[in-house]
Structures are given as structure tokens and as C-alpha cells.
Amino acid sequence: MKIAINISALGDDLDLSLFNDLGECTFFGDVSREELTGICADVDALIVNKLEVDRKLLEACPKIKYVGTFATGYNVVDIAACNDLGVTVCNAPDYSTHAVSQHTIALLLSLYGKINEYSASVNAGDWIRSKSFCYFPYPTKELYGKKFGIFGYGNIGKAVAKIAEAFGAEVIISTRTKPENCPYKYVSFEDLLKTCDIISLHCPLNESTARIIDEKAIKLMKKSAVLINTARGGLIDEKALSKALENGDLAGAGLDTVAVEPMSADNPLFKAKNCIITPHVAWTAHETRARLIGIVAGNLKAYIQGNPQNVVSRK
């Protein structure tokens, strides 16, 4: 079997030998569409991260019968085209739960504790010049007792709920489908927005969730509320969020993703007021990426053995 593997953003500190045991591998980084078509012209399996796999590519490379993703989300893959062309698609569920839930809380604690502001102040020498043992020009908040709203109750949403509960927050859940045996209060999305002090997004990006946080949604939220997004940037109308932050209609935002990545210079959230942005790194802990390699290689091995797993589309 010939395998093409896109290793962009995986880092250079991982052992990829698992793939070499499965076939003749070609590892490649960031490439143009034309270069990608050339690489895939004679391969049986393609594994990608953020590269788009559309009908045009699959029709130009008809030997491809397997597409794997280095991600839980698979919105970069044209599933309808894969169904039509008999291509099996497998994703990597639950590899990043620990890291992403950790990063979610880190963003929130940075906002609530004004960590960036105080660190910058100390580095600027303000504490050295202070006449008091402490100073606090930046108001902080406790997570304890806050209404912590989680939209999306998959593995990451569940992990975040447990952490928030451990901090003493009141966890409130909203999803498109009411989960069974949920130990937390379940409300509509509208009620989640209206009542919660924190809104944390943990849902997939699809037609029903695209820009679900828009101007209308933000107007329902408390002005004291903060928004956390470690899911997909496309869940948010970035112009509406930027405007709300600038006008004080929302207290803050902590984001690990934006709609177009890498971030463009004209992104309305670039240097937005009371907004912390990290460059889609919630999933990048070494342990997390190593786990990802194992799952993706395991998916391909299972497919080769005739028993595919984590299938989102199947021949």
C-alpha cells in the first residue's frame, strides 16, 4: 500500500515509524493544491490534518480509497464525494480531551485572574516601584459560584464540566440533542446565553452551528459574561464579537481558534479589547500528539485488516 501523510503542524519530536510498518510512505508538509495532486496521484491512502480533500482531488487521484484525519473534526473532507467514490474516511476521536479541556480552563483563568496584565505589569517594573506589598489595578473574579455554560456535551465538554464543577461553578449544559443521564442542568441554547457567566463552546462546526455566536446571540448574553472557544473558529461571527468587546457588551473572550488560520492581519479580533488568543495550540501537548499518531496509525491498520474503526464514511 502506498500512503501519503501530511505532517504539517505535527512537530518534529514524534515517532512516525508506526506508519512505515503499514506501507510505502511519503511524508510531506505544506503544499499547494497542484503539488498535493501530484503527491497523491498514485497513492492508496491519504492522511491529512488541515488540507482540504474535495471531489476534484479524489477524482484526479482515483486510487485513493482511504482518507484519515489527524483530527476529530473532518470538515476538511468532502464526505458526500467520498461516499459517491467509495472512499472510507476515519477520524481520530477523543485524542485531545485532556489537553483541550485543560487549555479551556487556562484561557478562562487568564481572563478571570488578569494573568497577562499582571505579568506585563511586573515585567515593566511596576511592582519594583510599588510602595505596597501588592497592587491590583486589574479587577479579578472567582470562578466559584459562577454559572458555567457548556455548549456541546461530547468528551471535551464532559471533561470541562468536571473541571468547572471542581472549581465550584454551577455547570449548565446545552446541546442539539439532550444527553441521557446528564448530571447537570440542561437548558436551551437561548437560555444558556441569557443565564450563564461563562459560555464555552465544544460543538462541531457544521451548517447548523456556523456563526452560532453572532450579534443576536451576543445580545442575549450578560455584559459581564466571557466567551471561550477551543472548538472551531467558524462558530463565531468575528466582526460581531470584536464589536461587542470594543463596546463593552461582553466582558472578554478566550479563543484558541479563528475562522481562517493562520490568522490574517485584517482579522477583526486581532488585538481586540479583552481578548486572549492562542494559535490553535490547545491540542499540541506532546502526550496528546503522540496519542494522536497512535490512533491515526491504528485506524489505517484496522482498515488494511478489513475492520475499519472510527469511520465517518465508508465504502
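Residues N83 and S313 bring a donor and an acceptor atom of their side chains to less than 3.5 Å of each other. No hydrogens or angles considered: nothing links the side chains of Y153 and S174 as a donor-acceptor pair under 3.5 Å. T278 and H103 share a donor-acceptor pair across their side chains, judged by distance under 3.5 Å alone. D256 and T230 share no donor-acceptor pair across their side chains, judged by distance under 3.5 Å alone.
A side-chain donor-acceptor contact under 3.5 Å links S101 to the backbone of H98. Side-chain atoms of N91 do not come within 3.5 Å of backbone N or O of Y74 as any donor-acceptor pair. In terms of modelled atom types and a separation under 3.5 Å, the side chain of E59 and the main chain of K56 share no donor-acceptor contact. A donor-acceptor distance shorter than 3.5 angstrom exists from the side chain of T209 to the backbone of N206, with no hydrogens or angles considered. Between the K222 side chain and the T195 main chain, a donor and an acceptor come within less than 3.5 Å of each other. Judged by distance alone, with hydrogens and angles left aside, the side-chain atoms of Y186 form a donor-acceptor pair with the main-chain N or O of T175 at under 3.5 Å. A donor-acceptor contact shorter than 3.5 Å is absent between the side chain of N274 and the backbone of L245. Under a 3.5 Å cut-off, the side chain of T69 and the backbone N or O of N49 do not form any donor-acceptor pair. The backbone N or O of L205 sits nowhere less than 3.5 Å from a side-chain atom of R232 that would complete a donor-acceptor pair. Between the side chain of T26 and the main chain of A4, no donor-acceptor pair closer than 3.5 Å is present.
Note on E246 versus K273: no salt bridge recorded, every NZ/NE/NH1/NH2 to OD/OE distance being 4.0 Å or above. Here D13 pairs with R289 in a salt bridge; the nearest charged N to carboxylate O distance falls below 4.0 Å. Taking 4.0 Å as the cut-off between side-chain N and carboxylate O, D249 and K219 do not count as a salt-bridged pair. In summary, R211 and D214 do not engage in a salt bridge, as defined by a charged side-chain N under 4.0 Å from a carboxylate O. Under a 4.0 Å N-O distance rule, the pair R33/D54 qualifies as a salt bridge. A salt bridge links R55 and D84; the closest N-O separation between the charged side-chain nitrogens and carboxylate oxygens is under 4.0 Å. The pair E190-K194 meets the salt-bridge criterion, with a side-chain N (NZ, NE, NH1 or NH2) lying under 4.0 Å from an Asp/Glu carboxylate O. Classification of D44 and K65 as a salt-bridged pair fails, no side-chain N sitting under 4.0 Å from a carboxylate O.
To the nearest 0.5 Å, atom CD1 of residue I228 and atom CG of residue L111 are 5.0 Å apart. Of the inter-residue distances, the one linking K271 atom NZ with S242 atom OG reads 13.5 Å to the nearest 0.5 angstrom. Separation of atoms CG (N229) and CD1 (I236) is listed at 4.0 Å; rounding is to 0.5 Å.
The cluster map of Ile, Leu, Val, Met, Phe, Trp and Tyr, joined by side-chain heavy atoms under 4.5 Å apart, puts I277 and L107 in different clusters.
With ring centers used as reference points, F151 lies under 6.0 Å from F189.
The 12-atom threshold is not exceeded at CG of D30, counting heavy atoms of other residues, nucleotides or ligands nearer than 6.0 Å. Heavy-atom contacts from other residues, nucleotides or ligands closer than 6.0 Å to OH of Y184 number more than 12.
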Handout entry: F167 and Y144: CA distance, side-chain angles, deciding distance, ring-ring contact (aromatic ring centres under 6.0 Å, His included) verdict
Key = CA-CA 6 Å; F167 272 94; Y144 179 85; over 10 Å; no
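Shortest non-hydrogen contact noted between Y66 and L300 is OH-N, 3.5 Å. Nearest heavy atoms, F19 versus F27: CB-CZ, 4.2 Å. For L192 against G149, the heavy-atom pair with the smallest separation is CD1-CA, 3.6 Å. Nearest heavy atoms, L292 versus A92: CD1-CB, 3.6 Å.
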